[in-house]
Amino acid sequence: MTAHRNLKRRVRARAAKTGESYTAALRHFRPTPTGEPDMPENHTLRLAVVQSTMRDDPTNAALLRERAAPRSAPS
């Protein structure tokens with residue numbers, strides 16, 4: 001048997017009554033730990049940006065033929 005069946009029964013009843021999810025209803029029955037806010041504070045988000053050169057498609061047969069064509073020698 002479930003150890004906390006009364007708690008689960010009350011949470012399910014609230015979820016059915018309000019239309020909220022089980023987890024949202026459970027938040028109303030569990031105490032919030034002291035010193036810990038419900039939502040985390042805003043933190044700075046650091047992003048790394050990379051610029052890279054797009055290479056030609058190695059499966060492009062026409063491009064491969066063009067590059068493999070012999071070039072004339074400089075005069």
Side-chain angles (χ1 to χ4, degrees):
M1 234 179 188
T2 305
H4 304 287
R5 70 174 180 232
N6 190 32
L7 171 67
K8 290 184 177 185
R9 182 182 49 79
R10 290 186 300 158
V11 172
R12 287 189 184 113
R14 179 184 169 91
K17 178 181 174 186
T18 62
E20 59 193 2
S21 69
Y22 180 88
T23 306
L26 183 61
R27 286 187 196 123
H28 293 279
F29 291 99
R30 288 196 174 154
T32 303
T34 57
E36 204 173 300
D38 288 342
M39 296 296 290
E41 294 180 18
N42 291 337
H43 295 285
T44 302
L45 179 65
R46 296 180 184 186
L47 297 175
V49 179
V50 176
Q51 290 182 343
S52 62
T53 304
M54 294 297 294
R55 303 286 181 203
D56 295 323
D57 184 10
T59 60
N60 186 342
L63 185 60
L64 291 173
R65 273 190 231 98
E66 177 185 313
R67 288 193 177 161
R71 296 182 184 165
S72 59
S75 302

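Nearest heavy-atom pair across A15 and S21 is CB-O, 4.1 Å. Across F29 and R14, no two heavy atoms sit closer than the pair CE1-CD, 3.8 Å. When every heavy atom of R12 is checked against every heavy atom of Y22, the shortest pair comes out as CG-CE1, 3.8 Å.
To the nearest 0.5 Å, atom OG1 of residue T18 and atom NE2 of residue H28 are 7.0 Å apart. The CZ atom of R27 sits 9.0 Å away from the CD atom of E20 when rounded to the nearest 0.5 Å.
Listed by chain and residue number, N6 satisfy the side-chain hydrogen bond (donor to acceptor under 3.5 Å, both in side chains) test with R9 (two or more places apart in sequence, or in another chain).
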